[in-house]
Amino acid sequence: MSHTNRSIHINGIVQGVGFRPFIYNLAIQHQLTGSVKNSASGVDIEVSGLVNDIDAFIAAIPRLAPPLSEIDEIKIIEVASHAFDSFQILQSVDKSTDFLPVSPDMSICSDCNSELFDPNNRRFRYPFINCTNCGPRFSIIKDIPYDRNSTTMAGFKMCSACSSEYTNPGDRRFHAEPIACPDCGPKVWFELTEGNDRLVEEEAIQTAREMLKEGKILAIKGLGGFHLVCDASNEHAVHELRIRKNRPAKPFALMAFDTETIKSFVHVTPPAESLLTSRQAPIVLLETKPNTEIAKNVSPGNSKLGFMLPYTPLHLLLLEPGEGFPNALVMTSGNLSEEPVIHQNQEAREKLSAIVDGFLMHNRPIHRRIDDSVFAIINNHPYPFRRARGYAPNPIRLSEPVPDILAAGSQMKNTFCLTREKYAFVSQYIGEMDNWDTYQHYQNAIDGYEHLYRISPQVIAYDMHPDYEATRYALNRAKNHGLTAIPVQHHHAHLAACLVENGIEPTQNITGLIFDGTGYGTDGTIWGGEVLIGNCKSFTRRFHLKAVPLPGGEVTVLKPARMALSTLWAYQLPWMENLPPLKALSELEVDTLRHQLVNNINVIHTSSMGRFFDAVSALIGLRMEISYEAQAAIELESLADREEWGYYPWQIDGQEINVMEILKSIIDDLHNEIRSEVISARFHNTIAHLALDLAQKVRNDTGIETVALSGGVWQNLFLLERSLYLLRENGFTPLVHQILPTNDECISFGQAVIAANQV
Ligand code: ZN
Ligand code: ZN
Ligand code: FE
């Protein structure tokens, strides 16, 4: 049997996830000597031993790797034979241009969960218990290589008990960088808004629980930022929170102690349950059961509730079942409307004191703010609505290496994307860029990612919309740093993102059914009901909704009643007395609107599908004015009668989708007093059949059978489900987003892959 040496380099998510002790133990098992160490680009291993043992060792690595790790590549080099005395874990080395992905923050593991409630454990009821398999990561990492000194735990000096676990390769906490215990780690405390003395530890948690029981509103510091929290069954408390936060109707997320409790409020299918209980522990949107104790004003006009499980030890202690304690808590992002989630104690005191009755805080600093992720389930698969905690900054793997690119993203639901080699790092959800604080957060987050991954982009991709903050940022930066700037049409980015996410060749032509709210078109109008044919290099616009006027722009987006009348006007349909949108507006408003339309004053034109949904929502008398994005469409979807399969006719004139007959049929149904649940369903069915018709027309011309569904309108699950069914029944291969949300969170990735194919 021959003796040899091998040098092995592994990259992927291999730091901060218990990889070195895993390698250490595996090497010992295979009678190998040598060493393992973290580098800035992964893990470097050197082994010496019998050839068979080394082969078996290497084969076992991907098979037995620790749960939070993700191996991208194992490189093996044969090196000169020399002997080691033992197997050792060595100090990290930093080669400053190397890089590697880092792990997202992960929910508490089952081992830590049992220790938390074990009176004999030294971390009994300690709110910051964690191990190499769970706990904070991305939110506390300042730099790589990942070790304690480059996290926000650097300021906590380990006690001797923690230190001996940390240095023992046989321990679950070997090199768990955020390791802590009641003696040496972070502490939780409670403070009232009126400067009273602090209550600490268990007393702090119990005080918070008492106040929640009494219907009070609290700010609670979590993993990636603060939450605003109250009893979800207390209609008065929820109402109070809505008033204080100035958030009249947008649904609030909920947290309950365990899956059984969640099941008492909503329908939990098996795939929904595995998503709820996954390590990522996102919010999952689930169909509400009738007559539960959840207050009606938690999610008004919406048939779904968003639930998550406690994902940190602090949340578990907070939600522990107890006499009179609420079964579900509202846990909404701690921010002022449209600002980024608050992540620092002082900022929370300054900004949230007017909203809350008290603070549950702690002193483990959050370096990177990150919101909760949100998913729905479609056809038994997870379907992202917001991608943040637990998922970001996981990279998307590309099939070919690409240059260093920064893609600036969109205006609403912004993310940015940085590429390096075969990785595309799409940021966590950043938010609405018209907000100044969000824009600051955006710039800081870009700096942070560029530093963390050592990326200095030479190319910058941006949306064609001249008024987007991200576009201004991109053009400024291109000018100041001499970067190549590549403009990308918004809906082309949607198509490309969906294509690459689904592993299709970047040069393959597909059909894109891009049903969206807003996007700047190449002709200067606002697009959004688009059928594109294209790939990552180029596209053509094959069909689109006939453009209608959007008088006054934003004011009509906020008032679907105006959109309804404007749409009727565009189709020369009369504004009849008894139409709900006409009744909803004052005489003055109607006259002004008519004047604007007739004289073409301050009118832009749009082919947006989102606006068409708004118009129909108002036309049937459902939603005349909105207080959050997509409210009219969300309420229209919630209303739809699932048993109804009828649909209305439409017409295609050249490239234009003419919806005159749809509008007329809806008005007829209104006159015939058809229930609005049925009208809503018929309208949704119509758009699903229209989607099929458009895909068939493209297939007749081109033979293309792969159809990407992207754009915010596809967050409408009723529409998505019926469209997918029709497309599959008719021999198409529909593609939906799986990693990124179908809304504008996917734009930056689409921009990046288009730029990569154009440079
Ligand atoms: Zn753990
Ligand atoms: Zn300790
Ligand atoms: Fe969009």
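Whatever order the structure lists them in is the order used to number ligands and atoms, beginning at 1. We number each residue from 1, following the sequence as shown. Since the structure is predicted, the reported quantities are computational estimates derived from the model, not experimental observations. In what follows, every heavy atom counts, from backbone to side chain, and hydrogens, waters and symmetry copies are set aside.
- Under a 3.5 Å cut-off, the side chain of S107 and the backbone N or O of R279 do form a donor-acceptor pair.
- Proximity of F156 to R148: side-chain heavy atoms (C-beta onward) are separated by under 4.5 Å at one or more points.
- A heavy-atom distance below 4.5 Å is not found between the side chains of L694 and T511.
- The Fe ion (ligand 3) lies closest to atom NE2 when only the N/O/S atoms of H494 are considered.
- In summary, the aromatic rings of Y24 and F19 are positioned with their centroids too far apart to meet the 6.0 Å limit.
- With the Zn ion (ligand 2) as the vertex, SG (C184) and SG (C162) define an angle of 110°, rounded to 10°.
- Annotation: angle subtended at the Zn ion (ligand 1) by C109 SG and C131 SG is 100°, to 10°.
- The N, O or S atom of D744 with the smallest distance to the Fe ion (ligand 3) is OD1.
- Here C112 contributes SG and C134 contributes SG, and at the Zn ion (ligand 1) these two atoms make an angle of 100°, given to 10°.
- Here H491 fails the criterion, with no N, O or S atom under 2.8 Å of the Fe ion (ligand 3).
- Side-chain N/O atoms of R722 and H684 include no donor and acceptor closer than 3.5 Å.
- The closest approach of D516 to the Fe ion (ligand 3), by N/O/S atoms, is made by OD2.
- Geometrically, R125 does not engage F117 in a cation-pi contact defined by less than 6.0 Å to the ring centre and at most 45° from the axis.
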